[in-house]
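Some notes on the structure that comes next.
Here the structure is a predicted model, which means the values were calculated and not measured. Numbering of ligands and ligand atoms starts at 1, following listing order.
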Amino acid sequence: MDNNFDVVVIGAGPGGYVAAIRSAQLGLKTACVESRKTLGGTCLNVGCIPSKSLLHASELYHKAKKEFNNLGIETTDLKVNLSKMMGNKNKSVITLTKGVEFLFKKNKIFHLKGKGSVLDKNTVLVIDDSKKKNTYKAKNIIIATGSIPTSLPGVKIDEKTIVSSTGALSFSKAPKELVVIGGGYIGLELSSVWKRLGSNVTVIEYLDHIIPGMDKDISSEFLKILTKQGISFKLNSKVTGINVTKDRAEVNFVNNKSSISEKLESDKVLVAVGRKPNIGDDIEKVGIKLNQQHKIQVNHKFETSITNIYAIGDAIDKGPMLAHKAEDEGIAVAEIIAGQAGHVNYDVIPAVIYTNPEVAMVGKTEEELKKNNISYKIGKFPFLANSRAKVNNETEGFVKVIADKKSDKVLGVSIIGALAGTMIAELALAMEFGASSEDIARTCHAHPTHSEGVKEAALAVDKRPIHF
Ligand code: NAI
């Protein structure tokens with residue numbers, strides 16, 4: 001192999017590996033550097049994929065325990081074999097990371113094993129496990145190094161008692177007491193998993209509501225549903241410190257309003273207060289500009305402040321930290337490097353929380369529109385009035401469609417309910433085509449499906465739902 005490439009991608013997560021595949025498809029000689037043993041980044045190894053495996057398995061267990069009897073399915077001796085459940089999760093991870101390896105071979109992408117860093121605008125250094133150094137020349141470099149968990153001041157994540165999502169995906173037994181700091185995506189998905197598997201879960205959230213950034217209507221409905229499922233919440237609460245003694249933790253926190261201090265004892269503490277870009281010293285040394293939040297600054301072509309060095313995914317100052325956003329950026333940056341017109345529409349990036357019920361949104365929330373003085377109209381439809389949801393005993397939640405008051409163009413949709421994560425794709429597509437709520441309302445939706453709830457919410461924008 002000669003060490004000259006058209007493109008060297010640093011990082012093989014959903015942003016990096018997709019950028020590498022698209023670059024190779026476009027005829028560019030491509031290499032991708034990865035320091036993990038397996039490809040796929042956080043998403044495939046310790047994020048989206050293993051968490052979805054545990055969410056799926058624990059949801060089936062919960063349903064078998066709580067709902068099967070009502071359906072006339074009787075079970076005896078139902079129990080969890082956690083090591084088997086973890087084994088199944090690990091198998092999914094291996095299958096999918098091997099899948100990326102196969103795609104690299106198929107597309108003739110050079111997989112450079114080791115830790116990559118930028119030496120200068122056309123050189124990438126790779127140090128492998130045995131500390132051997134190799135340099136590679138690249139006409140273009142794409143930085144796709146992703147993000148790492150953040151912690152709180154004075155709190156050290158040891159992945160034993162105080163864990164990040166990585167530790168919480170591999171507990172060898174369900175903790176009796178689990179304290180989760182942060183009521184965002186990771187906190188709520190993993191609270192659901194461990195609550196279903198038998199833990200007493202308390203979520204401590206700094207704000208007065210959960211899932212900041214999502215529509216407030218959805219957030220308060222979600223809080224009610226999760227509370228009904230037995231998860232406890234301490235809102236408006238700031239963690240002031242955690243004392244670890246042997247295998248137990250004491251979490252101290254103070255109420256932001258009343259200033260009253262409280263403490264909770266637990267076997268495990270999950271810190272899920274956000275993630276920060278995974279950026280090495282090399283980035284600043286070569287002069288790549290970062291913004292105040294320490295994210296790489298890029299323009300609309302994903303160019304950093306250094307010519308020929310591009311950046312995408314969680315490490316940049318654009319869009320949410322989501323795998324599918326990074327994938328779309330990976331495709332766009334490769335096309336831009338190849339002289340095409342790659343583009344990502346940041347106004348239409350769906351977001352999904354894979355709990356039960358699921359929560360999903362695309363576009364603007366009502367709060368954002370209010371803040372920007374944009375006039376809007378709302379159509380809401382509850383799943384309680386959807387026939388399929390009723391048949392399946394999945395009546396929690398609703399669809400909320402927000403359209404421009406004058407033009408009727410759909411500005412945002414939020415859904416809480418079964419299959420919300422799948423249904424949101426229809427709305428993303430509609431918004432990409434500039435649909436009005438009338439367009440959705442006049443699109444025939446199959447009966448009986450949950451998606452009729454979307455059509456009914458669109459009808460409700462002009463106050464004419466049929467079934468409510
Ligand atoms: P997040 O930003 O979703 O939530 C963090 C939460 O912690 C917020 O509610 C915040 O108010 C709270 N918080 C911050 N400081 C706090 C403090 N000192 N005390 C108490 N609460 C505090 O971050 P999270 O859940 O860690 O997820 C990280 C990233 O991973 C997110 O950007 C998310 O987009 C992504 N992710 C996406 C998933 C999905 O698409 N389903 C699943 C998991 C993660």
Item checked: Value rounded to 0.5 Å, distance of CG in Leu60 from CG in Asn356 ->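 Output value for this atom pair is 10.0 Å.
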Distance-only N or O hit between ligand 1 and [X], under 3.5 Å:
X      : result
Tyr206 : yes
Ile181 : no
Pro212 : no
Ile186 : yes
Glu189 : yes
Val352 : yes
Tyr185 : yes

Check: Which of the atoms in ligand 1, numbered in the order shown and given with their element, are less than 4.0 Å from a heavy-atom of Met321?
Finding: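 In order of number, 32 (O), 33 (C), 34 (O), 35 (C).
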Checklist line | Under 4.0 Å to a heavy atom of Leu152 - the qualifying atoms of ligand 1, by number | finding: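 So the atoms of ligand 1 that pass are 17 (C), 18 (N).
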Check: Which residues satisfy the side chain to side chain contact (heavy atoms under 4.5 Å, CB included) test with Asn373, sequence neighbours excluded?
Finding: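 Not a single residue meets the side chain to side chain contact (heavy atoms under 4.5 Å, CB included) criterion with Asn373.
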Notebook entry, point to check: Which bit of Ile210 gets closer than 4.0 Å to ligand 1, counting heavy atoms only: side chain, backbone, both or neither?
Noted result: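 For Ile210, there is no contact with ligand 1 at all, from either part.
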Check: Where does Phe253 meet ligand 1, judged by heavy-atom distances below 4.0 Å: at the side chain, the backbone, both, or neither?
Finding: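 Under 4.0 Å from ligand 1, Phe253 contributes no heavy atoms.
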Margin query: Give me the atom names and distance for the closest heavy-atom approach of Thr161 to Lys246.
Written below: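 Nearest pair, atom of Thr161 first, then Lys246: OG1-O, 4.2 Å.
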Next item on the list: Please verify whether a non-hydrogen atom of Gly183 lies at under 4.0 Å from ligand 1.
Entry: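 Contact check Gly183 vs ligand 1: positive.
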Margin query: Please determine whether any non-hydrogen atom of Glu205 lies less than 4.0 Å from an atom of ligand 1.
Written below: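 It does; at least one heavy atom falls under 4.0 Å.
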Notebook entry, point to check: More than 12 non-hydrogen atoms from neighbouring residues, nucleotides or ligands closer than 6.0 Å to NZ on Lys318, yes or no?
Noted result: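 Yes - once you tally the heavy atoms of other residues, nucleotides and ligands closer than 6.0 Å, there are more than 12.
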Check: Above 12 or not: heavy atoms from other molecules or residues under 6.0 Å from CG of Asn299?
Finding: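 Yes, the 6.0 Å shell around CG holds more than 12 heavy atoms from other groups.
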Item checked: Any side-chain donor near an acceptor of the partner, Glu452 and Asn386, under 3.5 Å ->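 No, no side-chain donor-acceptor pair sits under 3.5 Å.
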Note to self: Quiz question: by atom type and distance under 3.5 Å, do the side chains of His62 and Gln229 form a donor-acceptor pair?
What the structure shows: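 There is no such pair between these side chains.
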Next item on the list: Run through Leu322, Val359, Val352 and flag the one making a side chain to side chain contact (heavy atoms under 4.5 Å, CB included) with Tyr185.
Entry: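 By the side chain to side chain contact (heavy atoms under 4.5 Å, CB included) criterion, Tyr185 pairs with just one of Leu322, Val359, Val352: Leu322.
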